[in-house]
**Q** 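Structure below; questions to follow.
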Amino acid sequence: MEYDFKSIESKWQAYWAAHKTFKAVEDASKPKYYVLDMFPYPSGAGLHVGHPLGYIASDIYSRYKRLKGFNVLHPMGYDAFGLPAEQYAIQTGQHPEKTTSENIARYRGQLDRIGFSYDWDRELRTCDPAYYKWTQWAFLKMFDSWYDPAAGKARPVSELVARIEKEGYEDVTPEVWATASDKEKSDILMRYRIAYQGETSVNWCEGLGTVLANDEVKDGLSVRGGFPVEQKKMTQWQLRVSAYAERLLESLDRLDWSDSLKEMQRNWIGRSDGTEVVFETICDGRRKPVTIFTTRVDTIFGVTFMVLAPESELVDELASADRKQAVAEYIKEVKKKTERERIAETRSVTGVFAGSYGINPLTGEQIPIWISEYVLAGYGTGAIMAVPAHDSRDYAFARKFELPIVPIIEGCDVSEESFDAKEGKMCNSGFLNGMDVKQAIEAAKDYVEEKGLGRRKTNYRLRDAIFSRQRYWGEPFPIYYKDGIPCPVSEEDLPLTLPEISSYKPTGEAPLARAKDWKYKGDPLETSTMPGFAGSSAYYLRYMDPQNDNALVSREADEYWRSVDLYVGGTEHATGHLIYSRFWNKFLFDLGYVCEDEPFRKLVNQGMIQGRSNFVYRIVGTNTFVSEGLRKDYETTEIHVDVNIVYNDKLDLDAFRAWRPEFADAEFILEDGEYRCGWAIEKMSKSMYNVVNPDLVCDTYGADTLRLYEMFLGPVEQSKPWDTKGIDGVNRFLKKFWRLFYNKSEWLVSDEKATPEELKVLHKLIGKEQEDIENFSYNTTISAFMIAVNDLTALKCSKREVLEPLVVLLCPFAPHITEELWERLGHEGSVAYASFPEFIPALAAEDNVTYPVQFNGKMRFTVDLPRSASPAEVEAAVRANDSTSKYVGEQQIVKVIVVPGRIVNIVVK
RNA sequence: GCCCGAGUGGCGGAAUGGUAGACGCGAUGGACUCAAAAUCCAUUGUCCCUUAAAGGCGUGGGGGUUCGAGUCCCCCCUCGGGCACCA
């Protein structure tokens, strides 16, 4: 009987669905393991072969853990709110709900074909009101909380109010509070709430008609759609993520994530330890203290000017009467530029003199104050002290505007560029003279603090997340306005469902403003909606208890599943979703809703699958195509050709003619009787015709082959091009595996006792598999399987004692074929829950290891010894070996080095 | 510019400091077959050589540590990724 993957795969997929084989139920008698994939956004294009890479890897791990006796939670769902569905709605008038449902149905079909072991009873969609009820709930909690720096965590706002009433908080005294109007109280509390409304400089994207978060913008363009983005001051809902900066940074050390990803988050959080120093300023005779932030107070004797950000509030006060106009013109210029233009200008140096002066608190020296866009309003205090000799940006500015450059490190050359390194000895620096730079930094900080000129300060680059979007397809805010004061919708009234609107077209106002009766108890509701990351920030918690209508997750479910043990997904979420989720989780942790303060204990980033495009070469002005090897002889145009009509770089001529009408009468110049295509590695995309659909691979080779092949391609973490060249190899392996059981129609499996040699084949594999799976080294595990199957084929071994464990071992990788063989071996129930240890016979004790014996590192001969032999026994055996004396001869043995089970090296003189 | 990561056959890729190139693809030769497909066997880093034996050279380049380096240390080159006026 031949291996018929088509009937096998559909049979077992139906079986799993009917028996709910992978349904996860809390079970205190078993250790739990939570494996999660980053849920997909269901786009209209469907899945391509790149998507399942991570899903296959995590599925293998889930199945492996089940075999090891764990109770595995492995759910899947859809990140279903988002811009593309809405953009499509704008074009077609179709409700995004409809498009989204259709896309989800298509995804589900594709996922099912690959044979994943998801518990589909826990499926969730972020656009489902029953789900976003909890997104809105979390927002209400954030609205009703503030970050207490003393406690180092979020607390209910009521505690803040109590504190203000009793003793005041920061600049809010009990008296101020007592006399404040409702609006004023609301404004005061808004300054502390975790979810707050505030005016800030935002990324405004005209093309999408909405604001965007920093991680949704790249190179001045929106990540979705690639529209230009500009900075604009607007009042928006924000999440006080910055309050968690230190905790987000600090707990990174406890996570089992890749170094590169942790590093990305560290950079994004951007902790920088420095000093705030107060500089007295004079403008038209008025004096005003201005605080600056610097990490290099030690260079304060080298300060020759100060710079303000154009958006800084200080600009008005520090622009002198005679410079007012010049300053205003400069600021107008800066504002006109989009973010993209600022970047495109490759750091051109611009600026204007403000007409005022600062006084260096250490030297008393008067220095000019300038305004320049190279200083950012949003970081530090929006004002800096400039030390051109030791900062390259200040240097460029000083050179352009001919400001003095004073070096303060001995022997450094600042004639061509600044000396930024933190090394050398201080000079021209008063009491710091002679000190080493590192020493001077500390000494200067101490001095400034002692003299009351400033204080140590830690700054973070991490910004609060802008949380409103002027779009339709997202979660509505549970906020209404009573007399202009934002008020929370009552928890009992959640979910606040998305209203119907007549048209999705952007008109400059938020789409919800057009909804009829968008009111709560007669008062108008907030019209912006939440961004994409809102729904994905706590979905891993919801999977633990997806049908619960009384809580995001019940305490019991949360305490059982706790947090995600293994999270698999792409690095593209490093500074978006993965930061927001950690923030969100820590917030819920602070309020006691969840029991772990980090959501994802271990994280594996799967690489991207790039496309491998194929080209044909058309001879210019003809409809004749020349094979790749012969194209040098002609003048040709390179044309992308659909990779699905190319096999191993050889073009299917008939399929090509049928591909597009203009190629129907194409002629070919062949080499060796075939048409060879050119190729290139490019991003997988429709326009390159290099998209490979997993359905097609499942049709031709089967899901098990697809799974094995994707894993065999290389390490999971690595990006690699999709190249079907090797797919026959793994398909051959599965057929060969089948032939250990079946020869034509004959069932070969016997109950005979296995020989030591046959058992050795099995044990080699077992050792390798356990070690490799834990390291996600699936490609080498598969290699080990291939070796085992080849060896057993050569030994003509079809004994149950060997094959049964082999089926169990292979089932995480190729679940369908192993399920089928398991049944044919006479077992009841799914192989997915076969117990690993039970099917692994004990290691043969007399198992020999071959030691290579080297003399001064050169291999001379080998000795066979039991694995259990001690180094001393190995050494004795080697010394007793005839060959030893032959190779050593007259030379003296200095020492014998034995690496147990591995190698013997004899050092001779 | 700064911070990570990586450079190994014709290709994808293996190697806790211990026989580099596992495994797969491709290629070449052979077996089976009327033929093809499928399957099986053999060879396949490179140089010198008719062949073989034996050997030399080989993990981006240059140094170093070690009995022994793809692996560890220093310098350089190239590629990939991230951040980018963050004071």
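In what follows, every heavy atom counts, from backbone to side chain, and hydrogens, waters and symmetry copies are set aside. Just so it is clear: chains get the letters A, B, ... in the order the sequence lines come, proteins before strands, and each one is counted from 1. On a predicted model such as this, the values are computed, not experimentally measured, just so you know.
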**Q** For atom P, what is the distance between B:G70 and B:C2, given to the nearest Å?
**A**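 So the two P atoms sit 31 Å from each other.
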**Q** State, with a plain yes or no, whether a side-chain heavy atom of A:Lys457 is found less than 4.5 Å away from one of A:Phe293.
**A**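 With C-beta onward as the side chain, the pair touches.
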**Q** Around atom CG of A:Asp259, are there more than 12 heavy atoms of other residues, nucleotides or ligands at under 6.0 Å?
**A**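 Open: at most 12 neighbouring heavy atoms sit under 6.0 Å from CG of A:Asp259.
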**Q** A:Val387 near the nucleic acid: base, sugar-phosphate alone, or nothing, with a heavy-atom cut-off under 4.0 Å?
**A**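 No contact.
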**Q** Answer with base, sugar-phosphate or nothing: what part of the nucleic acid does A:Ile384 contact at a heavy-atom distance below 4.0 Å?
**A**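 Since a base atom lies under 4.0 Å of A:Ile384, the category is base.
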**Q** Nearest whole angstrom, please: distance from the C1' of B:U16 to the CD of A:Glu774.
**A**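 The distance from CD of A:Glu774 to C1' of B:U16 comes to 16 Å, rounded to the nearest Å.
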**Q** Please determine whether a side-chain nitrogen or oxygen atom of A:Gln718 lies at a distance below 4.0 Å from atom OP1 or OP2 of B:G13.
**A**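 Looking at the OP1 and OP2 atoms of B:G13, one of them is under 4.0 Å from a side-chain N or O of A:Gln718.
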**Q** Taking atom types as modelled, find out whether A:Tyr395 and A:Asp420 have a side-chain donor-acceptor pair closer than 3.5 angstrom.
**A**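 Note: A:Tyr395 and A:Asp420 side chains miss the donor-acceptor criterion.
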**Q** Can A:Asp4 and A:Lys6 be counted as an ion pair, charged N to O under 4.0 angstrom?
**A**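 No salt bridge links A:Asp4 with A:Lys6.
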**Q** Go nucleotide by nucleotide along RNA chain B from the 5' end; which of A:Arg461 and A:Gly729 gets its closest nucleotide reached first?
**A**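 Nearest nucleotide further toward 5': that of A:Gly729.
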**Q** Have A:Thr350 and A:Glu373 got a donor and an acceptor in their side chains that come within less than 3.5 Å?
**A**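 A:Thr350 vs A:Glu373: donor-acceptor pair found between side chains.
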**Q** Assess whether a salt bridge exists between A:Glu442 and A:Arg456, defined as any Lys/Arg side-chain N lying under 4.0 Å from an Asp/Glu carboxylate O.
**A**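 Answer for the salt bridge query: yes.
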**Q** Using purine N1 to pyrimidine N3 plus N6-O4 or O6-N4 for Watson-Crick, or N1-O2 and O6-N3 for G-U wobble, each under 3.5 Å, what pairs with B:A22?
**A**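 Matched B:A22 with nothing under the 3.5 Å cut-off.
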**Q** Rounded to whole angstroms, how far apart are CZ on A:Phe785 and P on B:G24?
**A**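 Atom CZ in A:Phe785 sits about 14 Å away from atom P in B:G24.
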**Q** Of all the choices, B:C23, B:A87, B:A14, which nucleotide is nearest to the side chain of A:Thr780 once you look at every atom?
**A**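 Out of B:C23, B:A87, B:A14, the nucleotide with an atom closest to A:Thr780's side chain is B:A14.
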**Q** A:Ile441 CD1 to B:A87 C1': how many Å, rounded?
**A**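 Between C1' of B:A87 and CD1 of A:Ile441: 13 Å.
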**Q** Please pick, from B:A87, B:C4, B:G24, the nucleotide with the shortest atom-to-atom distance to any side-chain atom of A:Met786.
**A**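 From the listed options, B:G24 comes nearest.
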**Q** Whole angstroms only, please: what is the CZ-P distance between A:Arg463 and B:A84?
**A**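 Rounding to the nearest Å, CZ of A:Arg463 and P of B:A84 are 10 Å apart.
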**Q** Of all the choices, B:G13, B:A84, B:A87, which nucleotide is nearest to the side chain of A:Pro715 once you look at every atom?
**A**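 The nucleotide sitting nearest to the side chain is B:G13.
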**Q** Classify A:Arg739 by what it touches in the nucleic acid, base, sugar-phosphate, or nothing, heavy-atom distance under 4.0 Å.
**A**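 Since only primed, P, OP1 and OP2 atoms lie under 4.0 Å of A:Arg739, the category is sugar-phosphate.
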**Q** Rounded to whole angstrom units, what separation is found between the CD atom of A:Gln265 and the P atom of B:C3?
**A**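 Whole-Å distance recorded here is 20 Å.
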**Q** Side chains of A:Ser783 and A:Thr780: do they bring a donor and an acceptor to under 3.5 Å?
**A**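 Not at all, the side chains of A:Ser783 and A:Thr780 share no donor-acceptor pair under 3.5 Å.
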**Q** Between B:A22 and B:C74, how many Å separate the two P atoms, rounded to a whole number?
**A**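 One P to the other, the span is 32 Å.
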**Q** Say we look at B:C25 and B:C34: how far apart would their P atoms be, to the nearest angstrom?
**A**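 About 28 Å, rounded to a whole number of Å.
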**Q** Does OP1 or OP2 of B:C40 have a side-chain N or O of A:Lys736 closer than 4.0 Å?
**A**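 Indeed, a polar side-chain atom of A:Lys736 lies that close.
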**Q** With both distances under 3.5 angstrom, what nucleotide forms a Watson-Crick or G-U wobble pair with B:G17?
**A**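 When the pairing criteria are applied, nothing turns out to pair with B:G17, so the answer is none.
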**Q** For A:Ile787 and B:A14, give me the distance from atom CD1 to atom P, rounded to whole Å.
**A**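 Taking atom P of B:A14 as the reference, CD1 of A:Ile787 is at 14 Å.
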**Q** Considering only side-chain heavy atoms of A:Phe293, which listed nucleotide, B:C40, B:A87, B:C23, is closest?
**A**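 Looking only at heavy atoms from C-beta outward on A:Phe293, the closest nucleotide is B:A87.
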**Q** Taking the minimum atom-to-atom distance to the side chain of A:Lys735, which one of B:C4, B:A38, B:A87 wins?
**A**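 Nearest to the side-chain atoms of A:Lys735, counting from C-beta on, is B:A38.
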**Q** Can you check the distance between B:A54 and B:A42, where both ends of the measurement are the C1' atom (answer in whole Å)?
**A**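 B:A54 and B:A42 have their C1' atoms separated by 23 Å.
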**Q** If you measure from the P atom in B:A6 to the same atom in B:A14, how many Å do you get, rounded?
**A**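 Going atom to atom, P in each nucleotide, I get 12 Å.
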**Q** Tell which nucleotide pairs with B:U43, taking only Watson-Crick or G-U wobble pairs whose two distances are both under 3.5 angstrom.
**A**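 Pairing partner: B:A27.
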**Q** For B:C4 and B:C57, measure between their C1' atoms and round to the nearest Å.
**A**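 Looking at atom C1' only, B:C4 and B:C57 are 35 Å apart.
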**Q** Using OP1 and OP2 only, check whether a side-chain N or O of A:Asn775 sits under 4.0 Å from B:U16.
**A**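 The answer is no; no side-chain N or O of A:Asn775 sits under 4.0 Å from OP1 or OP2.
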**Q** OP1 or OP2 of B:A87 less than 4.0 angstrom from a side-chain nitrogen or oxygen of A:Tyr374, does that happen here?
**A**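 Checking A:Tyr374 against B:A87: no side-chain N or O falls below 4.0 Å of OP1 or OP2.
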**Q** What is the distance, to the nearest angstrom, from the CZ atom on A:Arg732 to the P atom on B:G26?
**A**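 After rounding, the reported distance stands at 6 Å.
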**Q** Can you tell which of B:A87, B:C83, B:C85 lies closest to the side chain of A:Glu373?
**A**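 Closest nucleotide to the A:Glu373 side chain: B:C85.
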**Q** Is A:Arg266 salt-bridged to A:Asp253, going by a charged N under 4.0 Å from an acidic O?
**A**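 A salt bridge links A:Arg266 with A:Asp253.
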**Q** Please state the P separation for the pair B:G55 and B:C3 - nearest whole angstrom.
**A**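 Per the computed distance, 48 Å lies between those P atoms.
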**Q** Can you tell me the Watson-Crick or wobble partner of B:U50, both distances under 3.5 angstrom?
**A**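 Matched B:U50 with nothing under the 3.5 Å cut-off.
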**Q** Of all the nucleotides listed (B:C4, B:C83, B:C40), which has the minimum atom distance to the side chain of A:Trp268?
**A**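 Selected nucleotide (nearest to the side chain): B:C83.
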**Q** In the strands shown, is B:G7 matched to any nucleotide by a Watson-Crick or G-U wobble pair with both distances under 3.5 Å, and which?
**A**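 Paired with B:G7, as far as the under-3.5 Å criterion goes, is B:C77.
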**Q** Name the pairing partner of B:C2, where a pair is Watson-Crick or G-U wobble with both distances under 3.5 Å, or state none.
**A**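 B:G82 - that is the nucleotide pairing with B:C2, both distances being under 3.5 Å.
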**Q** Among the nucleotides B:A15, B:C23, B:G13, which one has an atom lying closest to any side-chain atom of A:Asn779?
**A**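 Looking only at heavy atoms from C-beta outward on A:Asn779, the closest nucleotide is B:G13.
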**Q** Indicate yes or no for a side-chain donor-acceptor contact from A:Lys720 to the backbone of A:Pro715 under 3.5 Å, with no hydrogens or angles considered.
**A**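 Checked: pair present.
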**Q** I want to confirm an ordering. Mapping A:Met264 and A:Arg296 to their closest nucleotides on RNA chain B, which one lands closer to the 5' end?
**A**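 Its nearest nucleotide being more 5', the pick is A:Met264.
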**Q** With a 3.5 angstrom cut-off on both distances, give the Watson-Crick or G-U wobble partner of B:A38, or none if there isn't one.
**A**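 Per the H-bond distance test, none.
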**Q** Is A:Ser272 close enough to B:A87 that one of its side-chain N or O atoms is under 4.0 Å from OP1 or OP2 there?
**A**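 True: A:Ser272 side-chain N/O within range (under 4.0 Å) of B:A87 OP1/OP2.
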**Q** Please classify the nucleic acid contact of A:Asn459 as base, sugar-phosphate, or nothing, using heavy-atom distances under 4.0 Å.
**A**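 Touches nothing.
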**Q** With a 3.5 angstrom cut-off on both distances, give the Watson-Crick or G-U wobble partner of B:G68, or none if there isn't one.
**A**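 Answer to the pairing question: none, since B:G68 forms no Watson-Crick or G-U pair.
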**Q** Separation of A:Gln610 atom CD from B:C79 atom P, in whole Å?
**A**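 One finds 16 Å between P of B:C79 and CD of A:Gln610, rounded.
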**Q** When the C1' atoms of B:A84 and B:U71 are compared, how many Å lie between them, rounded to an integer?
**A**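 One C1' to the other, the span is 34 Å.
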**Q** For B:G9, does the O4'-C1'-N9-C4 or O4'-C1'-N1-C2 angle fall within 90° of 0, making it syn, or is it anti?
**A**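 B:G9: syn.
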